[in-house]
A.B. asks: 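Quick one: the structure is below, questions incoming.
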Amino acid sequence: MMRTKDILKSVGILVLVGLLVKVFGFVREILIAYYYGTSQLVDDFNIFMLYPNFILNTFAPAIGISLISKIIAEKNDINKTIYFKVTNKLILLVLFVLVSSLIYSLIIFFYIGDKYEPYEYILVCIIPILYFIQVIMVYYNQALGNFKIGAISSLFQVIIASLVILLSKINKDISILLMSIVIGLLIQIFILTVYYFRDKTKIKPYYSLEKNQGNNAALAIITSVFGIGLMEILISITKFTSSFFSIKGLTSAINYSYKLMNLPISIIMLSLISVLFPEFSKLEKQGNRKEVYNYSKIIINYIIIIMTPISGFLFISNNYLIKFLFYRGSFDNQSLLLTSSFFKYIVFLIPLLSLITLLFRVQYVYQQYKQLMYNGIASLLVLICLQFYSAIRGNLYVFNISLLVCLFLILLFQINNLKYKFSCFLNIKCLIATAIACLFVDKLIKHLHFYENIFLLLIGFVIYIFIYLAFLIIFHEKSTRHLICVLGRRFEK
């Protein structure tokens, strides 16, 4: 019983620290908005960060997940030693990160031009390498069960990065934005390195030439890339395509909108997946796939019930919320207009992306690797076609809905792959309840001027949720009543 309590306590600490990391990461975005708004400098910075973000959110985690199983398999608990096999494929992957980082910095130099100093392009080359080291070290600690050190070191990283950005008060320069990331990452890597040398478990690498496992390893990494980092790839393509429009600040507006949209998904879905994924894996290992199916269907209903109203409220309050978070300093009326215009489209990704995130994990458990890869490639092709068409024709509407269309197709592919049957009645009930709550609260916010104060806006959100839940109960939606009962029992405990 004590072990269960200890586990729950550890999970609680991780969720709290993870929430703090997300909050401070968002504070960093607010500071960037304050000092730089949606200027050309921030647009260039976002282009600079396309490849580093790919390494951080896609490539490095894909390798990290593949390495976790190997580290666990090679760990010797008696002498606290990990006999880690270094293969030619692993060496090639490390070389790929080094060489591709250099190539990307050269591409950026030729794309943007020589309006920035040479050392700033060198920083662009260094950042993805530091991201790669940071992610691998965090995943190494996760493999050993040292979850806290990864989360705490990440918290230090985002706090330091935010403090460095404050130097923009003295001089607004892209080097400060780049250095904030470099300094934060160096400090996090230093903390993780100190912890490694203080820890009793040590790595003893040995070289082994593998001839037959290359294809399996490559497939695992590619699958992980399309599974974990697909949204990051899609948003990176969107940012890049936006640079072809003759709208100053559009790339920055997309970045701010994406960070804000991703906040509830990061907080809610990260906690949910952290608990569910090991449970799914355990059930699949026992051959109990039917239980995985039933369990995931219940969670799908909960996601629809929770994420649909969040999406609706962010839609009606998007202008007020963005104004409260960003509208200060260099973030002017033009920045507000651009960001709110894109944000009102991207909020509809919240329920779709939440469902996709869960179903990706189910597909991993079912080992549907090829289907995942095909889904990812198909979605990328659709997005590229839609966005380049919109860029050529100057059609901003097609550009704004392209991500929505793309994610909807991915969800359809996943449902087909998993042979899931969604409850149409639940979707219709949630949409009707959300629409009614949106209409009522939107008029309430405008009539009582709730948008003038964030606390009044929060009161509006509480009223909105009450109306939404009331209508779902009136519609006799069983999943809603079950969810309320579950949350009520958790609250009593």
Side-chain angles (χ1 to χ4, degrees), residues 19-50 52-53 56 105 108 112-127 130-131 134 153-191 239 243 247-260 262-263 319-340 342-343 452-454:
L19 179 61
L20 289 172
V21 170
K22 294 296 178 183
V23 169
F24 276 102
F26 199 73
V27 167
R28 178 176 169 273
E29 297 299 323
I30 292 173
L31 289 172
I32 293 173
Y34 176 78
Y35 288 113
Y36 300 95
T38 54
S39 61
Q40 184 61 47
L41 186 145
V42 184
D43 280 356
D44 291 343
F45 171 69
N46 285 315
I47 297 297
F48 277 10
M49 291 301 296
L50 288 180
N53 285 333
L56 171 65
S105 63
I108 288 298
I112 292 181
D114 58 354
K115 61 180 177 180
Y116 297 110
E117 297 295 328
Y119 76 90
E120 290 167 339
Y121 291 100
I122 294 172
L123 291 175
V124 175
C125 178
I126 292 171
I127 289 172
L130 293 178
Y131 270 147
Q134 172 233 9
S153 63
S154 296
L155 182 60
F156 273 98
Q157 185 234 316
V158 293
I159 291 173
I160 296 299
S162 300
L163 291 174
V164 173
I165 290 174
L166 291 174
L167 295 174
S168 299
K169 189 174 183 180
I170 301 170
N171 181 34
K172 295 178 182 178
D173 192 75
I174 200 168
S175 61
I176 291 176
L177 297 176
L178 296 170
M179 284 302 298
S180 69
I181 297 171
V182 171
I183 294 171
L185 286 171
L186 287 173
I187 289 174
Q188 183 179 9
I189 291 169
F190 175 75
I191 293 170
K239 290 178 188 177
S243 65
I247 303 173
K248 181 183 174 183
L250 181 59
T251 307
S252 306
I254 291 169
N255 185 64
Y256 294 134
S257 299
Y258 173 65
K259 297 288 185 182
L260 183 55
N262 201 41
L263 194 60
N319 195 59
Y320 316 129
L321 196 60
I322 291 169
K323 192 172 184 179
F324 170 77
L325 291 171
F326 300 119
Y327 190 59
R328 56 184 67 87
S330 298
F331 198 91
D332 53 17
N333 288 322
Q334 176 67 12
S335 303
L336 178 64
L337 179 64
L338 275 175
T339 307
S340 60
F342 187 78
F343 185 67
E452 293 179 355
N453 189 301
I454 189 62

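One is the number of the first residue; the rest follow in order along the sequence.
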A.B. asks: Please assess Glu29 against Asn255 for the test side-chain contact (heavy atoms from CB on, under 4.5 Å), listing each intermediate value before the final yes or no.
C.D. replies: CA-CA 9 Å; Glu29 297 299 323; Asn255 185 64; 3.3 Å; yes
A.B. asks: What are the two closest non-hydrogen atoms of Asp43 and Gly249, and how far apart are they?
C.D. replies: OD2-N, 2.9 Å
A.B. asks: Please find the pair of heavy atoms, one from Ser168 and one from Ile176, that lie closest to each other, and give the distance.
C.D. replies: OG-CG2, 3.6 Å
A.B. asks: Roughly how far, to the nearest 0.5 Å, is CD1 of Ile159 from CD of Gln188?
C.D. replies: 11.5 Å
A.B. asks: Where does the angle between the aromatic ring planes of Phe26 and Phe326 fall among parallel (under 30°), tilted (30 to 60°) and perpendicular (over 60°)?
C.D. replies: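 Ring orientation, 0 to 90° scale: tilted.
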A.B. asks: Identify the two heavy atoms, one from Gly37 and one from Val42, that lie closest to each other, and give their separation to 0.1 Å.
C.D. replies: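 Of all heavy-atom pairs spanning Gly37 and Val42, the closest is O-CG2, 3.8 Å.
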A.B. asks: OG1/Thr251 to CD1/Ile47 distance, rounded to the nearest 0.5 angstrom?
C.D. replies: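 So the gap between those two atoms works out to 5.0 Å.
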A.B. asks: Do Asp173 and Glu120 have side chains that approach each other closer than 4.5 Å (heavy atoms only, starting at C-beta)?
C.D. replies: yes
A.B. asks: If you draw a 6.0 Å radius around CZ in Phe190, do more than 12 non-hydrogen atoms from other residues or ligands fall strictly inside?
C.D. replies: no
A.B. asks: Run the side-chain contact (heavy atoms from CB on, under 4.5 Å) test on Tyr119 and Ser175 for me, step by step, so that the C-alpha distance in whole Å, both residues' side-chain angles and the decisive distance to 0.1 Å come before the verdict.
C.D. replies: CA-CA 9 Å; Tyr119 76 90; Ser175 61; 3.3 Å; yes
A.B. asks: Could you give the distance from NZ (Lys115) to CG (Leu41), rounded to the nearest 0.5 Å?
C.D. replies: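 One gets 8.0 Å once the value is rounded to the nearest 0.5 Å.
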A.B. asks: A side-chain contact here means heavy atoms from C-beta on lying under 4.5 Å apart; do Ser252 and Asn46 qualify?
C.D. replies: yes
A.B. asks: Report yes if some heavy atom in the side chain of Ile112 is under 4.5 Å from a heavy atom in the side chain of Phe48; otherwise report no.
C.D. replies: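 Yes, close enough: below the 4.5 Å cut-off.
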A.B. asks: Less than 4.5 Å apart, side chain to side chain, heavy atoms only: is that true for Leu31 and Ser162?
C.D. replies: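 Yes, close enough: below the 4.5 Å cut-off.
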A.B. asks: Check whether any side-chain N or O of Asn53 sits under 3.5 Å from a backbone N or O of Met49 as a donor-acceptor pair, and report yes or no.
C.D. replies: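 Judged by distance alone, yes, a pair lies under 3.5 Å.
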A.B. asks: Output the distance between atom OG (Ser243) and atom CG (Asp44), rounded to the nearest 0.5 Å.
C.D. replies: 9.5 Å
A.B. asks: We want to know whether Lys172 and Ser39 form a side-chain donor-acceptor pair, criterion being a heavy-atom distance below 3.5 angstrom.
C.D. replies: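 There is no such pair (donor and acceptor under 3.5 Å, judged by atom type) between the side chains of Lys172 and Ser39.
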A.B. asks: Which atoms form the tightest heavy-atom contact between Met179 and Val164, and what is the distance?
C.D. replies: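 Where Met179 meets Val164 most closely, the heavy atoms are C-CG1, 4.3 Å.
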A.B. asks: Can you tell if the side chain of Gln134 reaches within under 4.5 Å of the side chain of Leu56, non-hydrogen atoms only?
C.D. replies: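 Yes, at least one pair of side-chain atoms sits under 4.5 Å.
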A.B. asks: So with a 6.0 Å cut-off around CZ of Phe156, is the heavy-atom count from everything else above 12?
C.D. replies: no
A.B. asks: Keeping the roles fixed (side chain from Ser340, backbone from Leu337), state whether a donor-acceptor pair exists under 3.5 Å.
C.D. replies: yes
A.B. asks: Would you call the rings of Tyr256 and Phe331 parallel, tilted or perpendicular, where under 30° means parallel and over 60° means perpendicular?
C.D. replies: perpendicular
A.B. asks: Looking at side-chain heavy atoms only, is the closest gap between Tyr36 and Ile174 below 4.5 Å?
C.D. replies: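 In short, these two side chains do not touch, never coming nearer than 4.5 Å.
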A.B. asks: Can you see which heavy atom on Pro52 is nearest to which on Ile127, and at what distance?
C.D. replies: CB-CG2, 3.7 Å
A.B. asks: About how many Å separate CD of Gln157 and CG of Leu185, when rounded to the nearest 0.5 Å?
C.D. replies: 4.5 Å
A.B. asks: Step by step, work out the side-chain contact (heavy atoms from CB on, under 4.5 Å) result for Arg28 and Ile181.
C.D. replies: CA-CA 11 Å; Arg28 178 176 169 273; Ile181 297 171; 3.4 Å; yes
A.B. asks: Distance only, no hydrogens: is a donor on one side chain within 3.5 Å (strictly under) of an acceptor on the other, for Thr38 and Ser335?
C.D. replies: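 Yes, side-chain donor-acceptor contact under 3.5 Å.
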A.B. asks: Calculate, to the nearest 0.5 Å, the distance between atoms CD1 and CG belonging to Ile322 and Leu260 respectively.
C.D. replies: 6.0 Å
A.B. asks: Can you tell me if Ser330 uses its side chain to pair, donor with acceptor, with the backbone of Tyr35 under 3.5 Å?
C.D. replies: yes
A.B. asks: Before giving the answer on side-chain contact (heavy atoms from CB on, under 4.5 Å), spell out for Leu186 and Ile183 the whole-Å C-alpha distance, their side-chain angles and the decisive distance to 0.1 Å.
C.D. replies: CA-CA 5 Å; Leu186 287 173; Ile183 294 171; 5.6 Å; no
